[in-house]
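We name chains A, B, ... by the order of the sequence lines, and we start the count at 1 in each one.
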Amino acid sequence: MLDFKFVRGNPEIVQDALSRRGSQVSLDDFLQLEEQRRDKLFVVEQMKSRRNIVSEEIGRLKKSGKEAKDMVLEMRDLSKQIKERDEEIRSLEEQLQDILLGIPNIPHETVPLGSGESDNPIVRMWGSPRNFNFEPKPHWDIGEALDVIDFERGGKVTGARFSFYKGLGSRLERSVLNFMLDLHTTEHGYVEIFPPFMVSRDSMVGTGQLPKFAYDMFKIEGMEYYLIPTAEVPVTNLYRNEILDGEKLPISHCAYSACFRAEAGAAGRDTRGLIRQHQFNKVELVKFCRPEQSYAELEKLTGNAERVLHLLGLPYRVVVLCTGDLGFSSAKTYDIEVWLPSYQGYKEISSCSNFENYQARRAGIRFRNEKGKTELVHTLNGSGLAVGRTVAAILENYQEADGTVTIPKVLQPYMGTDRIS
RNA sequence: GGAGAGAUGGCCGAGUUGGUCGAAGGCGCUCGACUCGAAAUCGAGUAGGCUGUGAUGAGCGGUCUCUAGGGUUCGAAUCCCUAUCUCUCCGCCA
């Protein structure tokens, strides 16, 4: 959420940012309602001031045994008026809030202009796709052939876009996520969190999933609880409505969680394999930092995620999302895309974003600066990485002509073997 | 699931016969004094949001906030209702 005062004071900047994103939203309503709100607020506060003064006077009179009938009657009437005006103001504030919640973050100045995915510039590439001297199979075929992933029974037991891992497949999933957590906690300085997989509505609003993206969420029936679409939600909300010690920043957390997504808008896309499931595992990286640190931290965080792919020896590239493809709450995002032979292309495996203070304002996450003033933190997060997609990438990139899969060196201690056969 | 207790500032903790209570006291923190320096001691300061006026600074003014939302009242941290959370006991359970 953007700042009331900022939007009010800089409508042209906000309007310009909106149009760079390709949005048609107009700020006229907002500005007009905001002016109304302030006018009414001014009047009602004067009334309240009078009520406070007179009420104090009544107290004094009563104490000294005098009557104050007239004043009480006058105040009774005044209070009624105040109540009505408060109600009007509250309604205005609600409308303003609704508008504000619908306004996306302002893209950082380094974000390239573009209208969609195809305009995302490639920032760097690492590794090169392997030349197979045989016809490589997609991971869903490998998984079934080696009897380590069972998509069909996933469909039977739960439904479409669910699957079972089995045997060394389960172990591979587990190895990959443990490897990621170990790497980030021991070498990259992240403190591990194991969060709840359901959160309250307030938390969903805090990180910006709600109210806009309710359609992509699983909600628990009869309760205001939602299954988390990413660990970003519980972990960022850890410090909701708190004032952090400025000395402790930046705070870096990593967290494993299962993630649940309805994928409502993705019918027909990535229907086969592990790429787009309703439930998947992910290791998430989350940072809270001072405003002036956040872009340096974004580079670090992205690098931390890339390191996983280096160590696994998986070819990838990094793209920076252009204004037209940038997520709603993000000011700047790098996507890391891993090479998948079955797609004959690069597929997103991590998305690293700086939200600046957009989430922090909504969630009330602040810190105390040198002057003792409170200031909103900047929040960042990125996948470090999506586990299922990593497993898919390993199966595909490390498959051999005989149908077996070689296990990358760094995973062998976790797997207890160097090969799935 | 049943019964009871509680939720106050960065933290701890007073205040519940409604009226200078945004809130005693302590801790922490900041500044100053003392000291060669530090500790100890002494003195002063120290909540947040909105809003008005300033330059989207400092300062000053108004208003709101004692878990949240309603209510009673001229006036609520204090009384009433609801929700949430925490703790204790019982039941159940991994």
Side-chain angles (χ1 to χ4, degrees), chain A residues 1-14 27 30-31 33-97 99-100 106 194 196-206 220 222-226 234 237-249 251 288 291 356-357 360-377:
Chain A
M1 182 169 68
L2 296 176
D3 183 24
F4 263 82
K5 280 183 250 182
F6 181 80
V7 177
R8 183 210 297 157
N10 305 278
E12 19 2 273
I13 295 181
V14 177
L27 293 177
F30 177 89
L31 294 171
L33 289 169
E34 169 64 7
E35 198 181 323
Q36 274 185 48
R37 168 183 155 265
R38 276 189 298 162
D39 288 349
K40 285 183 194 276
L41 193 62
F42 182 72
V43 172
V44 79
E45 286 192 352
Q46 282 188 327
M47 293 167 84
K48 284 178 178 176
S49 176
R50 168 146 176 83
R51 180 176 68 182
N52 287 343
I53 292 166
V54 175
S55 288
E56 217 173 285
E57 179 66 18
I58 292 172
R60 243 193 309 270
L61 288 173
K62 289 227 164 156
K63 217 170 224 172
S64 59
K66 292 182 191 143
E67 280 297 315
K69 204 76 181 163
D70 289 351
M71 286 183 181
V72 169
L73 285 175
E74 188 201 336
M75 287 307 104
R76 188 175 297 172
D77 185 54
L78 185 62
S79 276
K80 205 187 291 171
Q81 288 184 50
I82 289 175
K83 204 176 211 175
E84 284 165 12
R85 281 157 198 268
D86 269 345
E87 197 55 47
E88 290 172 23
I89 291 169
R90 208 174 57 162
S91 148
L92 283 173
E93 280 175 347
E94 247 166 56
Q95 294 176 56
L96 284 163
Q97 182 90 354
I99 295 174
L100 219 44
I106 296 173
F194 200 117
F197 292 178
M198 297 180 204
V199 296
S200 67
R201 186 186 168 79
D202 285 346
S203 293
M204 282 296 197
V205 174
I220 305 298
M223 285 176 137
E224 281 298 312
Y225 288 173
Y226 296 80
N237 277 285
L238 256 183
Y239 303 114
R240 174 149 50 91
N241 293 328
E242 290 191 26
I243 299 173
L244 303 170
D245 181 355
E247 302 281 303
K248 300 236 167 74
L249 300 178
I251 293 172
F288 304 83
E356 298 194 356
N357 63 24
R361 179 171 300 105
R362 213 154 161 169
I365 309 171
R366 293 170 294 172
F367 72 100
R368 210 173 285 284
N369 65 23
E370 292 69 27
K371 292 184 196 145
K373 286 271 190 181
T374 56
E375 209 177 321
L376 292 164
V377 300

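One finds a side-chain N or O of A:Arg366 lying less than 4.0 angstrom from the OP1 or OP2 phosphate oxygen of B:G49. Listed pair A:Arg240 / B:U67 fails the phosphate criterion, with no side-chain N or O lying under 4.0 Å from OP1 or OP2. Distances shown here put every side-chain N or O of A:Asn241 at or beyond 4.0 Å from the OP1 or OP2 atom of B:U67. Between A:Arg368 and B:A47, a side-chain N or O to OP1/OP2 separation shorter than 4.0 Å is absent.
We find that CG of A:Asp202 is positioned 11 Å from P of B:G69, with the value rounded to whole Å. As a whole-Å value, the separation of A:Phe4 CZ from B:C50 C1' is 10 Å. Computed from coordinates, the A:Arg85 CZ to B:U51 C1' distance equals 17 Å when rounded to whole Å. The CZ atom of A:Arg37 sits 5 Å away from the P atom of B:U51 (whole-angstrom rounding). Following rounding to the nearest Å, A:Asp86 (CG) and B:U51 (C1') show an atom-to-atom distance of 14 Å. Rounded to whole angstrom, the span from the CZ atom of A:Arg38 across to the C1' atom of B:U56 amounts to 12 Å. Distance CD (A:Glu242) to C1' (B:G9): 15 Å, rounded to an integer number of Å. Atom-to-atom, CZ of A:Phe6 to C1' of B:G49 comes out at 20 Å; the value is rounded to the nearest Å.
Taking every heavy atom of both residues into account, A:Met75 and A:Arg51 meet most closely at SD-CA, 3.8 Å. The nearest pair of heavy atoms linking A:Arg240 to A:Ala363 is CG-O, 3.1 Å.
For the C1' atom pair drawn from B:A23 and B:C66, the interatomic distance equals 8 Å after rounding to whole Å. B:G61 sits 25 Å from B:G19 when the P atoms are compared, rounded to a whole Å. A distance of about 30 Å separates the C1' atoms of B:C12 and B:C80, rounded to the whole Å. Of the C1' atoms belonging to B:G59 and B:G54, the separation is 9 Å, rounded to the nearest Å. Separation of the P atoms belonging to B:G25 and B:A33 is 25 Å when rounded to the nearest angstrom. Across B:G4 and B:U65, the matching P atoms stand 31 Å from one another, rounded to whole Å. Nucleotides B:C87 and B:C29, compared at atom P, are 30 Å apart to the nearest Å. B:G15 sits 8 Å from B:A24 when the C1' atoms are compared, rounded to a whole Å.
Figure legend. B:G52 is base-paired to B:C60; pairs are counted as Watson-Crick or G-U wobble with both atom distances under 3.5 Å. The partner of B:G25 is B:C12, by the rule that a Watson-Crick or G-U pair needs both atom distances under 3.5 Å. In this structure B:U86 sits in a base pair with B:A5, meeting the Watson-Crick or G-U test at under 3.5 Å. With a cut-off of 3.5 Å on both Watson-Crick or G-U wobble distances, the partner of B:G19 is given as B:C74. When both distances must be under 3.5 Å, the Watson-Crick or G-U wobble mate of B:U41 is B:A33.
Counting non-hydrogen atoms of other residues, nucleotides and ligands closer than 6.0 Å to CD of A:Glu224 gives a total above 12. Other residues, nucleotides and ligands place no more than 12 heavy atoms under 6.0 Å from the OH atom of A:Tyr225.
No engagement by A:Arg50 is indicated, since no non-hydrogen atom pair under 4.0 Å with the nucleic acid exists. No engagement by A:Ser200 is indicated, since no non-hydrogen atom pair under 4.0 Å with the nucleic acid exists. Counting any heavy atom pair closer than 4.0 Å across all strands shown, A:Arg8 reaches sugar-phosphate atoms only and no base atom. Residue contacts shown for A:Tyr225 are limited to sugar-phosphate atoms, with no base heavy atom under 4.0 Å away.
Not a single donor-acceptor pair under 3.5 Å links the side chain of A:Arg37 to the backbone N or O of A:Leu92.
Shown here, B:G54 is classed syn by the O4'-C1'-N9-C4 or O4'-C1'-N1-C2 angle, which is within 90° of 0.
Between A:Arg50 and A:Glu74 a salt bridge is recorded (basic side-chain N to carboxylate O distance below 4.0 Å). Salt-bridge formation is detected for the pair A:Glu87/A:Arg90: a Lys NZ or Arg NE/NH1/NH2 atom is positioned less than 4.0 Å from an Asp or Glu carboxylate oxygen. The pair A:Lys80-A:Glu84 does not meet the salt-bridge criterion, since no charged nitrogen lies less than 4.0 angstrom from a carboxylate oxygen.
For the pair A:Asp3/A:Leu376, no side-chain contact is recorded, criterion being any heavy-atom separation below 4.5 Å from C-beta on.
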Anything under 3.5 Å between a protein N or O and an N or O of nucleotides 70-72 of chain B, put it in a table, one pair a line.
unit_1: B:G70; atom_1: OP1; unit_2: A:Arg90; atom_2: NH1; d: 2.4
unit_1: B:U72; atom_1: OP2; unit_2: A:Lys83; atom_2: NZ; d: 3.2

For nucleotides 73-79 of chain B, print each protein N/O atom paired with a nucleotide N/O atom at under 3.5 Å, atom names and distance only.
unit_1: B:C74; atom_1: OP1; unit_2: A:Arg76; atom_2: NE; d: 3.1
unit_1: B:C74; atom_1: OP1; unit_2: A:Arg76; atom_2: NH2; d: 2.6
unit_1: B:C74; atom_1: OP2; unit_2: A:Arg76; atom_2: NE; d: 3.4
unit_1: B:C74; atom_1: O4'; unit_2: A:Val72; atom_2: O; d: 3.4
unit_1: B:C74; atom_1: O3'; unit_2: A:Ser79; atom_2: OG; d: 3.4
unit_1: B:C74; atom_1: O2'; unit_2: A:Ser55; atom_2: OG; d: 3.0
unit_1: B:G75; atom_1: OP1; unit_2: A:Ser79; atom_2: OG; d: 2.8
unit_1: B:G75; atom_1: O4'; unit_2: A:Ser55; atom_2: OG; d: 3.4

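By the 30° and 60° cut-offs, the orientation of the rings of A:Phe30 relative to A:Phe4 is tilted.
Residue A:Thr374 has its side chain nearest to B:G49 when only B:U63, B:G49, B:G52 are considered. The nucleotide whose nearest atom lies closest to any side-chain atom of A:Glu45 is, among B:G62, B:U51, B:C64, B:G62.
We find the CD-CG distance between A:Glu93 and A:Leu100 to be 11.5 Å, quoted to the nearest 0.5 Å.
Toward the 5' end of RNA chain B, the nearer of the two residues A:Leu41 and A:Arg60, judged by each one's closest nucleotide, is A:Arg60.
Partner of A:Arg85 under the side-chain contact (heavy atoms from CB on, under 4.5 Å) criterion, out of A:Met47, A:Lys40, A:Glu45: A:Met47 alone.
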